[in-house]
Number of protein chains: 2
Amino acid sequence: MNARERLVASAQDLLWERGYGGTSPKAIQERAGAGQGSMYHHFAGKAELAVAALTRTAEAERERAEAVLGGDGGALERITAYLRRERPALRGCPIGRHAADPDLVADPALRAPIEETFAWLRGRLAALVASGQRDGELREGPDPDAIAAAVVAIVQGGYVLARASGSQRSFDEAIEGAVQLVAALAR
Amino acid sequence: MNARERLVASAQDLLWERGYGGTSPKAIQERAGAGQGSMYHHFAGKAELAVAALTRTAEAERERAEAVLGGDGGALERITAYLRRERPALRGCPIGRHAADPDLVADPALRAPIEETFAWLRGRLAALVASGQRDGELREGPDPDAIAAAVVAIVQGGYVLARASGSQRSFDEAIEGAVQLVAALAR
DNA sequence: GTCTATATACAGATAGAC
DNA sequence: GTCTATCTGTATATAGAC
């Protein structure tokens, strides 16, 4: 891996762990084994490197989600599989954790990968709910967009509960509740 | 309001807006109209002041929640009222936003007010679900603790979606989904 | 209780040599 | 492409006068 790649990979790790405001260029360089000059040669500054790192993290997350959402089974089965996918909740969500950072949220270039990931995920889940309703698998009353937003929110909120309590158990409990609630959508 | 109170109130505002890592003692002092000496006279340092501020914010949040959860109506009605309570989602949750900060989460004194708030809220909601089940208002299958965790998580995740998209609408949509899902708990 | 002065470290970059 | 030197500002205090 060349220096540029190592810088992006290191930034991905540190942004996940410490967030944008909590990650210094120096820390990224040290983890990457690259000097100041190398980093500022490849990127205009911290923000530009962070955009590259966040974009790559976002792509990876979408792939992982699609692997479950585009899998076998009916709508309910796939949504449940998405909810139950293993997640190290105490580490926080590599995408969602950035919503808390005011400087990141205020910068459109930094916010874009985060926004787009959730937009895609909500759309993907909403389509799944809608297809389940068309197939007669799910009741027709609930709004697919609203259900999709709620499902994504439960996962994100689960991370918050886990980190607040210092326990993976909190995340698992929220997911279990989500599974029970979603099961009631069945016809 | 004396200097000590102004310092706590200013810290509350800044911690909500910028988080623990993003809030400097200097910024707190300036907003409070107090000098360095004043702050370090009343508090041993940033962490001690933050604990005082977070504790106060946590108390306020619990009161606001109890006002709705301890209100009139059945379990479902009160849970729905809690979900639909007006929230300026783009500002983030004054409690939950801190779950993203690694330094806060790593310090037991700083994390305590956050952890306790969620523990209380989950217990309060679980009791409400359980009482609804005993009364025959709600179906008996779902686990009250899991449903409570999911409800709290949806609210927290709603904040994440709103800030990620830059739109209150995202929060409202997740809440609407939650209301529709919870409604299916009715017998 | 509050003030001003001082101190050490780090953030985030720029400059120019190699 | 990468290195080292340098720079300005901020973070988070401590010290001692008033």
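Side chains included, hydrogens not; waters and symmetry mates left out as well; all remaining heavy atoms used. By convention in this document, chain letters (A, B, ...) are assigned in the order of the sequence lines, proteins followed by strands, and residues within each chain are numbered from 1.
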Novice: Using OP1 and OP2 only, check whether a side-chain N or O of Lys26(A) sits under 4.0 Å from dA11(C).
Specialist: no
Novice: In whole Å, what is the span from the CZ atom of Arg18(B) to the P atom of dT10(D)?
Specialist: 13 Å
Novice: Between dC3(D), dG1(C), dT12(D), spot the one nearest the side chain of Ser38(A), thanks.
Specialist: dC3(D)
Novice: Rounded to the nearest angstrom, tell me the gap between atom CD in Gln29(A) and atom C1' in dT4(D).
Specialist: 13 Å
Novice: Hey, is Glu5(A) close enough to Arg56(A) for a salt bridge, meaning N to O under 4.0 Å?
Specialist: yes
Novice: For dC3(D), does either OP1 or OP2 sit under 4.0 Å from a side-chain N or O belonging to His41(A)?
Specialist: no
Novice: Figure out the OH/P separation between Tyr40(B) and dT6(C), and round it to whole Å.
Specialist: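 In whole Å, dT6(C) P and Tyr40(B) OH are 18 Å from each other.
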Novice: Would Val129(A) and Ile154(A) show up in the same hydrophobic cluster when neighbours are defined by side-chain heavy atoms closer than 4.5 Å?
Specialist: no
Novice: Whole angstrom is fine here: how far is it from CE in Met39(B) over to P in dT4(C)?
Specialist: 16 Å
Novice: Specify the separation, in whole Å, of atom CG of Asn2(A) and atom P of dG1(D).
Specialist: 9 Å
Novice: Do Lys46(A) and Tyr40(A) meet the cation-pi criteria used here (NZ or CZ under 6.0 Å from the six-membered ring centre, within 45° of the axis)?
Specialist: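 Here Lys46(A) fails the 6.0 Å and 45° test against Tyr40(A).
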Novice: Starting at NZ of Lys46(B) and ending at P of dT10(D), how long is that distance when rounded to a whole Å?
Specialist: 16 Å
Novice: Expressed as a whole number of angstroms, how long is the span from Leu7(B):CG to dT12(D):P?
Specialist: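 Rounded to the whole Å, the gap is 15 Å.
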Novice: Nearest whole angstrom, please: distance from the C1' of dT12(D) to the CG of Asp103(B).
Specialist: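 From Asp103(B) CG to dT12(D) C1': 14 Å.
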Novice: Taking only the side-chain nitrogens and oxygens of Ser24(A), find out if one of them lies under 4.0 Å from OP1 or OP2 of dG12(C).
Specialist: no
Novice: The side chain of Ala3(A) lies closest to which of these nucleotides: dA13(C), dT2(D), dG1(C)?
Specialist: dT2(D)
Novice: Spell out, yes or no, whether Phe171(A) and Trp16(A) are grouped together once hydrophobic residues are joined by side-chain heavy atoms under 4.5 Å, including indirect joins.
Specialist: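 In one cluster with Phe171(A): Trp16(A), no.
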